[in-house]
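This report concerns only the one structure given below.
For the numbers below, each heavy atom of this structure counts, side chains included, while hydrogens, waters and symmetry mates do not. Chain letters run A, B, ... following the sequence lines, proteins first and then strands; every chain starts at 1.
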Amino acid sequence: AQSVTQLDSHVSVSEGTPVLLRCNYSSSYSPSLFWYVQHPNKGLQLLLKYTSAATLVKGINGFEAEFKKSETSFHLTKPSAHMSDAAEYFCVVRDNQAGTALIFGKGTTLSVSS
Amino acid sequence: DAGVTQSPTHLIKTRGQHVTLRCSPISGHKSVSWYQQVLGQGPQFIFQYYEKEERGRGNFPDRFSARQFPNYSSELNVNALLLGDSALYLCASSPGLALYQETQYFGPGTRLLVL
């Protein structure tokens, strides 16, 4: 069965410092993995996706994630946080053999202080 | 180009009532999926429709139903509302079945409050 575990419910960083949001996944087949961001009172926006091409995936707004099959991880990073990065982040898995449903983690709230 | 649109934006109902939520996908997209996001949780898959046929169903009771119209818009219906149905209901569209490389694009959601 597919599942996603976001290891931190809340991460706090200072503006200009690196961001690391951790995600482990479980999937019985070759998965597609995504990171979505949700700003207050707004819809979900796709940051980046891994679909079996390059293991290091670059997304929008300077975010990137690395797919590590041996560790079943897909951590999200950004070299330098900006105040506008404060939001809820969701790690998402889709087992392409099991169906089309996206399986979401519980989310990580990122706070950025000045 | 217009993104995924949902209506209404907010809704208040009482227990036992029925509700209909609407979604218009991005132009050219043939698939619509519905998700429920309870406060403080990640979204949970409810249904997927593709070419007007149900292609996937999550673990939700039969009180939840949906349909897709010839123009690919969709309705989500919930009967006999319970307090626990209070949530943000999200609609997502994709060009096809949303497998492999295909991305699902989400609308802003309908916030339902059941009193």
Do B:Y35 and B:F106 make the cut of ring centroids closer than 6.0 angstrom? yes

Could you report the tightest heavy-atom contact between A:I60 and A:L46, atom names first, then the distance? CD1-O, 3.6 Å

Turns out that what part of B:L88 lies under 4.5 Å from chain A's heavy atoms comes down to side chain

Turns out that what part of B:Q37 lies under 4.5 Å from chain A's heavy atoms comes down to side chain

In terms of heavy-atom pairs under 4.5 Å with chain A, which of B:Q6, B:R57, B:Q41, B:R55 leads? B:Q41

If we define contacts as heavy-atom pairs under 4.5 Å, which of B:P43, B:G109, B:G56, B:A92 has the most with chain A? B:P43

Salt bridge between B:R63 and B:D85, side-chain N to carboxylate O under 4.0 Å? yes

Is A:Q38 close to chain B through its backbone or its side chain, or both, or neither, when contacts mean heavy atoms under 4.5 Å? side chain

Nearest-0.5 Å distance, CD of residue B:E75 to SG of residue B:C91: 11.5 Å

Are B:F60 and B:F45 close enough that their ring centres sit under 6.0 Å apart? no

Proximity breakdown for B:Y50 and chain A, heavy-atom pairs closer than 4.5 Å: neither

